[in-house]
Amino acid sequence: MSIVPATAATIADAAALLSAGKLVAFPTETVYGLGGDAADDNAVAAIFAAKGRPTFNPLIVHGPGLSSFETSVVIDDRARLLASLFWPGPLTMVLPRHAKSTVSLLASAGLDSIAVRVPSHPVALALLRATSVLVAGPSANPSGRISPTTAQHVADGLADRVAMILDGGPCAVGVESTVIDLCGRRPTLLRPGGITLEALRDALGSVDIAGPVQPDGPRSPGMLSSHYAPALPVRLNARDAKPGEALLAFGPHDGAALNLSPSADLAEAAANLFAMLRALDDARYQAIAVAPIPESGLGLAINDRLRRAAAPRPSGKTLLP
Ligand code: TXA
Ligand code: MG
């Protein structure tokens, strides 16, 4: 493993590694991704192995523009509209698999749909343009743990399991892309993220929200309840810290260990969320208490991640790295 600053030369090296079937961690505007050639079963299998990710949880396929997906997925008018409004950017669309698609069936977990996204981070776009392959890219963290928003976070979690970590600085959005399912007649939000539900409803008229997670068959296989979890327990909607707790505040507060946004700005809070959860996740504390966050705009994505961070952990599975 090595962290390298993203330059034209290192991006070209990373593109060559991807074409050779290797894994490269790269920055996006949301979180760092763990990239591999989406058409290469071995590269995709290596992604699942590196993350310890269950293979029933499919990956997002990244490309440099809508046209790069033309023979991978079936693109309808709604998808074209959303692409024109939100791409490049933090939106993932789940679309029917195209008959000619060469995307690995492992990447899409054998589903008849594929999730596609065009990220806006200049390094991600440069890398996707420099390589001839589509790039399967989950967040570059061990499965179930906090997503990485810096190159160092990737190194901390995946160490020697990746050929190169391209450093493009901290991620500006800080929560993952919004995932919308366009396979059915009614657009359905599968995961709140960097593009708000309000913005999607403005564009499409109406958007359903996927129902609560079913233990034996989540609609989006990534909708497992415990996720984004620090090692310490997490308590939500906390006004103040109890003894032993670190308070992660939102809005003005005197007694906070850290503050997601002293001015109560949701975009700033999203950008700080994962790095601050990591910073508080250590032996100084027995638990992390998080202040209430408004359930609107980016607050939907922040609260979704916080609820999973606080969810009961799978029994018998230690969350210590
Ligand atoms: O912001 C992001 O989306 C980041 C960056 C790296 O692009 N990637 C990311 O990937 O968050 P990952 O693998 O951590 O999350 C992908 C989500 C999961 O919830 C997965 O279940 C869902 O997308 N997904 C992928 N393919 C799907 C499909 N065909 N149908 C339904 N859900 C799908
Ligand atoms: Mg993830």
Side-chain angles (χ1 to χ4, degrees), residues 23-36 38 44 47-48 50-63 69 72-74 86-98 101 103-121 123-125 127-128 134-149 153-154 157-158 166 168 171-184 188-195 210 213 217-229 270 274 301 304-305 308-309:
L23 305 189
V24 170
F26 63 100
T28 82
E29 71 281 17
T30 59
V31 300
Y32 275 71
L34 176 61
V44 172
I47 293 175
F48 281 100
K51 282 182 63 83
R53 174 162 170 140
T55 51
F56 58 77
N57 190 4
L59 309 178
I60 294 172
V61 176
H62 299 73
F69 301 122
S72 296
V73 288
V74 181
F86 302 115
W87 278 358
L91 179 71
T92 294
M93 298 193 243
V94 175
L95 296 169
R97 186 185 183 94
H98 193 288
S101 173
V103 169
S104 159
L105 281 165
L106 183 56
S108 60
L111 298 172
D112 51 13
S113 60
I114 300 176
V116 292
R117 155 163 139 81
V118 178
S120 66
H121 194 296
V123 173
L125 273 179
L127 176 64
L128 293 167
L134 292 174
V135 176
S139 50
N141 54 288
S143 185
R145 304 304 305 272
I146 304 173
S147 299
T149 53
H153 293 163
V154 179
L158 295 177
L166 271 180
C171 303
V173 176
V175 290
E176 292 84 348
S177 62
T178 302
V179 181
I180 188 167
D181 185 354
L182 295 175
C183 291
T188 303
L189 180 78
L190 299 183
R191 177 177 75 179
I195 297 292
V213 180
R219 166 104 184 242
S220 180
M223 295 168 70
L224 305 167
S225 43
S226 175
H227 214 91
Y228 311 101
F274 291 143
D304 169 78
R305 306 307 186 268
R308 292 172 207 232

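All heavy atoms count here, side chains included; hydrogens, waters and symmetry mates do not. Note that ligands are numbered from 1 as they come in the structure, with each ligand's atoms numbered from 1 the same way.
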Does even one non-hydrogen atom of Gly137 get within less than 4.0 Å of ligand 1?
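It does; at least one heavy atom falls under 4.0 Å.
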ring-ring contact (aromatic ring centres under 6.0 Å, His included) against His62, all qualifying residues, sequence neighbours excluded:
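Listed in chain order: Phe26.
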Distance filter under 2.8 Å, centred on the Mg ion (ligand 2) - protein N, O or S atoms that pass it:
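Sorted hits: Ser139 OG.
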Give a yes or no answer on whether the side chain of [X] reaches the backbone of [Y] with a donor-acceptor pair at less than 3.5 Å.
| X | Y | result |
| --- | --- | --- |
| Tyr32 | Cys171 | no |
| Arg97 | Val103 | yes |
| Arg117 | Gly89 | yes |
| Arg191 | Ser177 | yes |
| Arg53 | Pro58 | yes |

Where ligand 1 meets [X] - atom numbers and elements under 4.0 angstrom, heavy-atom basis:
| X | answer |
| --- | --- |
| Gly33 | 6 (C) |
| Ile60 | 3 (O), 8 (N), 9 (C), 10 (O), 16 (C), 23 (O) |
| Leu190 | 31 (C), 32 (N) |
| Leu111 | 28 (C), 29 (N), 30 (N) |
| Pro138 | 10 (O), 12 (P), 13 (O) |
| Thr30 | 1 (O), 2 (C), 4 (C), 5 (C) |
| Ala115 | 25 (C), 26 (N), 27 (C) |

Have a look at ligand 1 and work out which part of Asn57, if any, has a heavy atom under 4.0 Å from it: side chain, backbone, both or neither.
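Near ligand 1, Asn57 shows its side chain, while the N, CA, C and O stay back.
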Between Arg97 and ligand 1, find which residue part has any heavy-atom pair under 4.0 Å and reply side chain, backbone, both or neither.
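For Arg97, no heavy atom sits under 4.0 Å from ligand 1.
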Can you tell which of Arg191, Arg117, Glu176, Met93 gets a heavy atom nearest to atom 15 (O) of ligand 1?
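Of the listed residues, Arg191 has the closest heavy atom.
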Taking only residues two or more places apart in sequence or in another chain, which ones pass side chain to side chain contact (heavy atoms under 4.5 Å, CB included) with Thr178?
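Thr178: side chain to side chain contact (heavy atoms under 4.5 Å, CB included) contacts with Leu91, Leu189, Ile195, Leu200.
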Quick one: list whatever passes side chain to side chain contact (heavy atoms under 4.5 Å, CB included) with Ala50, sequence neighbours left out.
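Checked Ala50 against side chain to side chain contact (heavy atoms under 4.5 Å, CB included); matches are Leu23, Leu34, Arg161.
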Return yes or no for this condition: an N or O of [X] is under 3.5 Å from an N or O of ligand 1.
| X | result |
| --- | --- |
| Ser139 | yes |
| Ser113 | yes |
| Ser177 | yes |
| Arg53 | yes |

Steps toward side-chain contact (heavy atoms from CB on, under 4.5 Å) verdict (Asn141, Tyr228)
CA-CA 9 Å; Asn141 54 288; Tyr228 311 101; over 6 Å; no
Kindly indicate whether the side chain of Pro119, heavy atoms from C-beta on, has any atom under 4.5 Å from the side chain of Leu128.
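Yes; the side chains approach each other to less than 4.5 Å.
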Could you please spell out the steps behind the side-chain contact (heavy atoms from CB on, under 4.5 Å) verdict for Ile114 and Ser101?
CA-CA 10 Å; Ile114 300 176; Ser101 173; 3.6 Å; yes
Before you tell me yes or no, could you show the steps for Phe274 and Glu176 under side-chain contact (heavy atoms from CB on, under 4.5 Å), namely the whole-Å CA-CA distance, both residues' side-chain angles and the distance that decides it to 0.1 Å?
CA-CA 11 Å; Phe274 291 143; Glu176 292 84 348; 3.6 Å; yes
Testing the basics here: between Cys183 and Leu95, what is the closest heavy-atom pair and its distance to 0.1 Å?
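The pair with the smallest heavy-atom distance is SG-C, 3.6 Å.
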